[in-house]
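Presented below is the structure to which this report refers.
Order of appearance sets the numbers: ligands from 1, and atoms from 1 within every ligand.
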Amino acid sequence: MSAAPGSRPRLAVYPGSFDPVTRGHEDLIRRSLAFADRVVVAVAVNVSKQPLFTLEERVSLLREAVRFPGVEVRSFDGLLVDFAREVGASIIVRGLRAVSDFEYEFQMALMNRTLDPKIETVFLMPAFDLTYLSSSLVREVARFGGDVSQLVHPAVQRALRGKFGR
Ligand code: PNS
């Protein structure tokens, strides 16, 4: 989608751990481009759990998986709203897969709104067949040698094989 003549391009930030990026994330990035001119995929430096992939690996796998126009992959440290302001984004995109996601997402969206009322959080639903998908499930399936070829980009599949040796 392109901005109306004379108006500023609409920029969205899509933040997450992306440990690793899945087909579900890719789907949401594509959907975001229906209402944003550009999407900055923001990879969190500090994630609560010990990540499987380093920050550099998570960023580089995203860059391989989402090579479409209008998408930029960057890392961020500190508060998400500070990063959003820094890049000029007025929208935060998050995915909602199931009711179980809701409480955490609701808390985070309201906290971000308290921190910066000008930035709006928008929730997107993934494609139906990707609703069950999460990075943690992908890691678990790959760890035990299961087939993740339908769930992640081939580059991610190779990286998982590299980590788990299968
Ligand atoms: O993929 P995840 O792990 O659900 O992503 C969570 C993330 C990185 C978006 C969230 O933890 C975050 O925004 N961290 C940055 C710190 C911050 O701004 N915290 C206040 C918002 S509650």
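- Each of the atoms 13 (O), 17 (C), 18 (O) of ligand 1 lies under 4.0 Å from some heavy atom of Leu80.
- In this structure, the side chain of Asp19 engages the main chain of Leu52 through a donor-acceptor pair within 3.5 Å.
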Practice problem: For the pair His25 and Ser135, evaluate side chain to side chain contact (heavy atoms under 4.5 Å, CB included) and give the outcome as yes or no after the intermediate values. | Solution: CA-CA 9 Å; His25 297 125; Ser135 296; 3.3 Å; yes
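- With a 4.0 Å heavy-atom cut-off, ligand 1 is reached by the side chain of Asn112 but not by its N, CA, C or O.
- With 3.5 Å as the limit, one finds a donor-acceptor pair spanning the side chains of Ser149 and Asp147.
- Close approach to Tyr104 involves these atoms of ligand 1, each under 4.0 Å from a residue heavy atom: 4 (O), 6 (C), 11 (O).
- Residue contacts with ligand 1 for Phe18 are absent, since no atom lies close enough (heavy atoms, distance under 4.0 Å).
- The backbone and the side chain of Ser17 each have at least one atom closer than 4.0 Å to an atom of ligand 1 (non-hydrogen atoms only).
- For ligand 1, the polar-atom distance check finds an N/O of Arg94 within less than 3.5 Å of one of the ligand's N/O atoms.
- No more than 12 heavy atoms of other residues, nucleotides or ligands shown are found within 6.0 angstrom of CZ on Phe106.
- Ion pair Arg85/Asp82 flagged as a salt bridge, since at least one NZ, NE, NH1 or NH2 atom sits closer than 4.0 Å to an Asp/Glu carboxylate oxygen.
- Ser75 contributes atom OG, which lies 11.0 Å from atom CG of Leu62 (distance to the nearest 0.5 angstrom).
- The Ala44 neighbourhood of ligand 1 comprises atoms 8 (C), with distances under 4.0 Å to a heavy atom of that residue.
- Against a heavy-atom cut-off of under 4.0 Å, Gly16 is close to the following atoms of ligand 1: 1 (O), 5 (O).
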